[in-house]
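Reading through the structure tokens given below for one structure.
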Amino acid sequence: MCGRFNLKTPAAAWTQEFLPLWSEQEIADRTQQLGVDARYNIAPTQSVSCIHAADVSDQDDRRQWSLFRWGLVPFWAKDIAIGNRMINARSETAHEKRSFKTPLVRRRCLVPADGYYEWKKTGNGKQPYVIESTAGDVLAMAGLWEVNQALGTDGTPLQTVTILTTAANKSLSQIHDRMPVLIKPQDFTQWLDPQNQAIESVLPLLKPAEEDAMTARPVSTVVNNARNDVPECLQAPDV
């Protein structure tokens, strides 16, 4: 699963690739509007940055940048708590599940991250690791988002997201058997296109990262507590 991640790279840097048609001023204005800052320990139920296609009624048809609640709440759900167990969706079966099938067809998104955390079982308990791009790039995790009209507040619908996972590649499977699906920049348009509703055309993108694409290193147990959203989460573990 993918249950924690970080995004510490300034938005002015990572949005250049995710929102290529936005101006620097538009990025600055949106960053301020969303209140986006460096995050070191993003956890389920919190708001996360998501890049998605514009709504059909939106006059601006460029990619959009929104904050969605992490933990997908289906449009038919009556209780927001259902999202607590839908932080991830298995890519192998998402197209078969009632909660994920429609978002997979119509509402795909990208969730930017510098790295994600996994915990490896050891003789002394669980050791947290951060898994990052070998090249130092910001990752684009594949996400599905949904809108629930009934559970919104102040007339604003509830918008939520889940992160798709796949089997971990050989090297990362030593830490955990699952990993988030990562979308390559050259596939962003295909993945985000809401007009592309043929599931079979996006399923080939839902695969593990190449063996040399990712690197993993142990980090401090400070990250174990989701309330610790601090740089120390990425420090080397105490000896």
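Numbering starts at 1 and runs along the sequence shown.
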Quick check: is [Y] connected to [X] through a chain of hydrophobic side chains (ILVMFWY, heavy atoms under 4.5 Å apart)?
X	Y	value
M141	V130	no
V138	M179	yes
V222	Y129	no
I131	L234	no
V223	I87	no

Measuring from [X]:[atom1] to [Y]:[atom2], what's the distance to the nearest 0.5 Å?
X	Y	atom1	atom2	result
R39	C233	CZ	SG	10.0 Å
R227	N41	CZ	CG	11.5 Å
S66	L34	OG	CG	7.0 Å
L110	L192	CG	CG	4.5 Å
S91	L164	OG	CG	6.0 Å
I27	Q32	CD1	CD	13.5 Å

Review point. Who are the side-chain hydrogen bond (donor to acceptor under 3.5 Å, both in side chains) partners of T189, not counting sequence neighbours?
Key: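 Once residues adjacent in sequence are excluded, the partners of T189 under the side-chain hydrogen bond (donor to acceptor under 3.5 Å, both in side chains) criterion are R63.
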
Between [X] and [Y], is any pair of side-chain heavy atoms under 4.5 Å apart?
X	Y	result
W145	L72	no
M86	V73	no
C109	V161	yes
E92	T166	yes
L139	D114	no
N6	I42	no

Output yes when a side-chain donor or acceptor of [X] lies under 3.5 Å from a complementary backbone atom of [Y], and no otherwise.
X	Y	answer
Q64	R62	yes
S23	E26	yes
S220	A236	no
T122	N124	yes
Q235	P231	no
Q190	L205	no
R108	D193	yes
R178	S173	no
T134	A213	yes
N148	L151	yes

Review point. For the residue pair P208 and A167, what are the closest heavy atoms and their distance?
Key: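 Scanning both residues completely, I find the closest heavy atoms to be CG-O, 3.1 Å.
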
Check your understanding: Strictly under 6.0 Å, is that where the ring centroids of W119 and H176 end up?
Key ->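 Distance test on ring centres: not under 6.0 Å, no.
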
Review point. Between W14 and W65, is the ring centre distance below 6.0 Å?
Key: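 Ring centroids of W14 and W65 are less than 6.0 Å from each other.
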
Practice item. Dump the intermediate steps for side chain to side chain donor-acceptor pair (under 3.5 Å) on T215 and E132, then the final yes or no. Key: CA-CA 5 Å; T215 184; E132 303 164 310; over 6 Å; no

Practice item. Given side chain to side chain donor-acceptor pair (under 3.5 Å), test E232 with N228 step by step and report yes or no. Key: CA-CA 9 Å; E232 287 75 15; N228 295 334; over 6 Å; no

**Study point:** Side-chain ion pair, E146 and R107, N-O less than 4.0 Å
**Key:**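 The answer is yes: the pair qualifies as a salt bridge.
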
Check your understanding: Between W70, Y116, Y40, Y117, which is the residue that forms a ring pair (Phe, Tyr, Trp, His ring centres under 6.0 Å) with F5?
Key ->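 That would be W70.
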
**Study point:** Aromatic W76 / basic R98 pairing, under 6.0 angstrom, 45° off normal
**Key:**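 Yes, R98 and W76 form such a contact.
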
Point to revise | Working for ring-ring contact (aromatic ring centres under 6.0 Å, His included), residues F18 and F188 | key: CA-CA 8 Å; F18 287 76; F188 283 4; 5.1 Å; yes

